[in-house]
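This report refers to the structure that appears directly beneath it.
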Amino acid sequence: MSKEDNKVNFDLSTLSLTELISLYDKITSFLAYLEDTRIEEGDA
Amino acid sequence: MENFLEYIEEDTKSKKTLFSTMPVNTKTNRRKFNKKIDSVKETYQTYKDQVEKYLTVKSKSFDILDTRNTEAIQNEINDLENIKVLLNPINTYFEKMNFDDLFYQISNYKDFNFVSLNKIISEFINKFELVNIRLTKDDFDYTFYVNEFMTSFLETRSLKSKNYDHITEIFEKIYWENPDLIFHIELNFRKLIKKHERKFINYIKGLQDEKTKLFNYNYQTVINKLKDLYTKLEDEGKENITDIINLSKNGTIDVNHFFEDSKVRNTAYTSLMLDSLNIENEKALSKFYDSLEKLKINVEEYSNYVKYAPLILDFKKKYLSKKLEDINKNELSKKLKELESSISKEERNLNKINKKIMRSKGKVFRPKESELKALKFESLKIAKKLYEMYQNLTKEYFNSKVYEVLNNSFSINDFLNLYYSFDYYKKEAIKESYDIETHNQLMEYSDDFDIFAMNPNNVIVCSVMSFDEVSISKVIMNKYRLLNININEENLYPENVPELIERINLVLRIKALEESKLDVEKLWFMVQVDKLIIKPNEEKD
C-alpha cells in the first residue's frame with residue numbers, strides 16, 4: 001500500500017446513491033483532465 | 001479521511017494546484033511532470049475500477065426478477081385461435097385454407113420479385129397436396145401459355161431444385177407474348193379449387209370434427225375460453241416494475257419525471273384530477289389509480305378504433321347507406337349463381353379452343369400457323385374476359401357474405417370479425433382507405449388489424465356501427481368525468497391521444513414504482529450506472 005492509499009478509507013457504503021454517482025463522475029472527469037494535461041516531452 | 005467523496009474532491013483540487021505550479025520549462029521538468037501525471041493516473045484508474053465494481057454490484061442488488069410467464073398463455077391462445085379459424089361460422093373452406101391470402105398475393109404479383117412469385121405458386125400446389133391432389137401439367141390448361149409455364153414449373157419443382165433460372169427464362173419468353181400470364185395462372189387455380197371443392201370442404205370438416213370431438217369445443221366455447229385467456233394475458237402481461245426499469249434504462253422514459261419535485265409529475269397528477277385529491281387519502285388515491293388503469297385500456301382501444309376509422313367509414317358507405325330492408329338477399333344469391341354459371345360456360349368455351357391448340361403440338365397435320373395464331377389470340381381474349389368476370393364474382397361473393405351477417409344491430413365488433421374472416425377483402429379495403437406504398441406496409445396494417453380484431457375483450461367495439469368517433473369519445477369522456485378523471489373531448493382527438501396516454505402512464509408508473517421494493521432514487525441510480533458503466537463496457541466488449 002502506498003502512502004497515498006493509506007490515507008483513503010474505501011468504505012463506499014457510507015455514501016448515498018447520489019454521492020456515489022457524483023464520486024464516479026469526479027474520478028472519471030479527473031482522469032480525463034489528467035489525460036489532457038499530459039505534455040509533449042520534446043525539446044523546449 | 002472518513003468520506004471518500006470529500007477526499008476525492010479535495011485531492012483532485014490539490015493535485016490540480018500542484019500540476020499548475022510544477023515547472024515544465026525543461027525536458028527534465030516535463031518528464032518529471034508527466035511521470036507525476038502517470039502516477040496519479042494509475043492511482044485514479046484503480047479508484048475508478050473499484051468504484052465501478054462497487055456501483056455495478058450495488059445496482060444489480062436492486063434488480064427485480066421478472067417472474068411473469070406469458071408464454072404458456074400465449075401458446076394456449078395461439079392454439080385456440082387456430083381452432084377459432086377452423087370453426088368460424090361466417091367464412092368457408094376457401095378462407096380457412098388461406099386461399100384468399102394466396103389469391104391476394106398472386107393478384108398483386110407486381111409487388112413481389114420472381115422468387116416470391118414461385119413461392120406463391122408452390123404454396124397453392126401444397127394446399128392441393130394437403131388434400132391428396134397431385135397436380136400435373138394437364139391440370140394447367142387455362143391457356144396455352146399457362147400450360148407451357150406450369151409444365152416447366154412442375155418439372156423444376158419435382159426435382160426439388162431451388163434453381164429457378166430455367167423457369168425465369170420461360171417466364172420472360174412468355175411474358176412478352178402474354179403479359180397477363182400470372183392473371184391466367186390465378187384463374188387456373190380458381191378453376192382447380194372449384195373443381196376439387198368437395199375435397200377441400202371434407203378436409204376442413206375433418207379438422208373441425210377432430211377439434212370438436214377431442215376438446216368438446218364449439219365456436220362459442222372457443223370464444224368464451226379466449227376471453228378468459230386474453231384477460232389472463234392482459235393481467236400477466238401488464239407493464240410492471242421490470243418493464244419500467246428497462247424503459248428507463250433504454251431512455252424511453254425519463255426517470256427524472258418520477259421525482260416528487262418534478263413539474264412533469266405534478267402536472268400529470270393534477271391535470272388528470274377533476275377535483276384535486278388528498279394524496280394522503282389512500283382509498284381515494286387507489287380509486288383514482290383504478291380509474292386511470294381502466295381509462296388507459298379504453299383509450300388504447302379507442303385509439304385503435306380511430307386508426308381503423310377510415311376502414312369503418314368506407315364499409316359504412318358501401319353497405320350501410322342503404323336500408324337493410326331494401327336489400328334482396330335472394331336477388332344477391334341469384335346474381336352470384338348466374339355469374340358462376342356464365343364463368344363455367346365461358347371456361348368450357350375456352351377449354352375447347354385450348355384443346356385445339358394443345359392437340360396441334362407435335363402433329364404432322366397441324367393447323368396453319370395463321371390459324372394457330374388466331375386460336376391463341378381468341379384464347380387470350382376469352383381469358384381476359386374471364387378475369388373480369390372473376391373479379392366481379394369475387395366482389396359479389398363478399399357482398400353476399402356481408403349481407404349474410406348484416407343486421408340492424410351490426411356492431412364494430414361484427415365488422416372487425418367480418419374483415420378478420422375475409423383476408424382478401426380486408427387487404428383490398430386497407431389498400432383503398434390508406435396511403436399504402438409497399439406490400440410490407442400493407443401487411444403491417446393488416447396484422448395490426450387482426451391483433452385488434454382478435455381481442456374478444458374489446459369494450460368500445462361492442463357499440464353499433466351507427467356510432468361515430470365523436471359519440472364514442474363522448475361516452476368515454478362522460479364515464480370518466482363521473483369518476484373524477486379530468487378528460488375532455490380534445491384529449492381524445494387522435495393527435496392528442498399519445499400525449500394523454502403518456503400522462504396516464506407516468507402516473508401509473510409512479511404507482512408501480514411506489515408499490516415495488518424500489519424507490520425513485522434507486523431507479524435513478526440503476527439508470528445512471530447503466531448509462532455510465534454497464535453500456536459503455538458492453539460496447540467496449
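Letters A, B, ... are given to chains in the order of the sequence lines, protein chains preceding strands, and every chain is numbered from 1.
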Legend entry - Lys535(B) NZ: over 12 foreign heavy atoms closer than 6.0 Å: yes
Inset, instruction - For residues Lys58(B) and Leu17(A), report the shortest heavy-atom separation together with the two atoms involved. - result: CE-CD2, 3.6 Å
Inset, instruction - Sort Ser16(A) into side chain, backbone, both or neither according to what part of it lies under 4.5 angstrom from a heavy atom of chain B. - result: neither
Inset, instruction - For chain A, find which of Asn34(B), Ile37(B), Leu532(B), Thr46(B) contributes the most heavy-atom pairs closer than 4.5 angstrom. - result: Asn34(B)
Legend entry - Ser59(B) side, atom OG; Leu20(A) side, atom CG - distance, nearest 0.5 Å: 11.0 Å
Inset, instruction - Against chain A, label Asp38(B) side chain, backbone, both or neither, depending on which of its atoms sit under 4.5 Å from a heavy atom there. - result: side chain
Inset, instruction - Check whether Leu15(A) gets within reach of chain B through its side chain, its backbone, both or neither, counting any heavy atom under 4.5 Å. - result: side chain
Inset, instruction - First locate atom CD1 of Ile8(B), then atom CG of Asp25(A), and finally report the distance between them rounded to the nearest 0.5 Å. - result: 12.5 Å
Inset, instruction - Any chance you could measure Arg30(B), atom CZ, to Ile39(A), atom CD1, to the nearest 0.5 Å? - result: 6.0 Å
Legend entry - Closest non-hydrogen atom pair, Leu34(A) against Lys41(B): CD1-CA, 3.6 Å
Inset, instruction - State whether the number of non-hydrogen atoms from other residues, nucleotides or ligands found under 6.0 Å of Lys263(B) atom NZ is greater than 12. - result: no
Legend entry - Within 6.0 angstrom of Lys294(B) NZ, more than 12 heavy atoms from elsewhere: no
Legend entry - For Phe33(B), all residues meeting ring pair (Phe, Tyr, Trp, His ring centres under 6.0 Å), sequence neighbours excluded: Phe19(B)
Inset, instruction - Flag yes if more than 12 heavy atoms outside Glu42(B) fall under 6.0 Å of its CD atom; otherwise flag no. - result: no
Inset, instruction - Check whether NZ of the Lys or CZ of the Arg Lys15(B) lies under 6.0 Å from the centre of the six-membered ring of Phe30(A) and within 45 degrees of that ring's axis. - result: no
Legend entry - Greater than 12 external heavy atoms within 6.0 Å of Glu495(B)'s CD: yes
Inset, instruction - Go through the atoms of Leu5(B) and report whether side chain, backbone, both or neither lie under 4.5 Å from a heavy atom of chain A. - result: both
Inset, instruction - Measure Thr18(A) against the heavy atoms of chain B and call it side chain, backbone, both or neither at under 4.5 Å. - result: both
Legend entry - Segment of Thr37(A) engaging chain B (4.5 angstrom heavy-atom cut-off): both
Legend entry - Over 12 foreign heavy atoms within 6.0 Å of NZ, Lys232(B): no
Inset, instruction - Name the region of Leu31(A), side chain, backbone, both or neither, that has any atom closer than 4.5 Å to a heavy atom of chain B. - result: side chain
Inset, instruction - Check whether any side-chain N or O of Arg31(B) sits under 3.5 Å from a backbone N or O of Glu41(A) as a donor-acceptor pair, and report yes or no. - result: no
Legend entry - Any side-chain heavy-atom pair of Tyr54(B) and Leu23(A) under 4.5 Å: no
Inset, instruction - Could you check if a side-chain atom of Lys26(A) sits within less than 4.5 angstrom of a side-chain atom of Thr12(B), using non-hydrogen atoms only? - result: no
Inset, instruction - Might you point out which heavy atoms bring Ile21(A) and Leu55(B) nearest each other, and give the distance in Å? - result: CD1-CD1, 4.3 Å
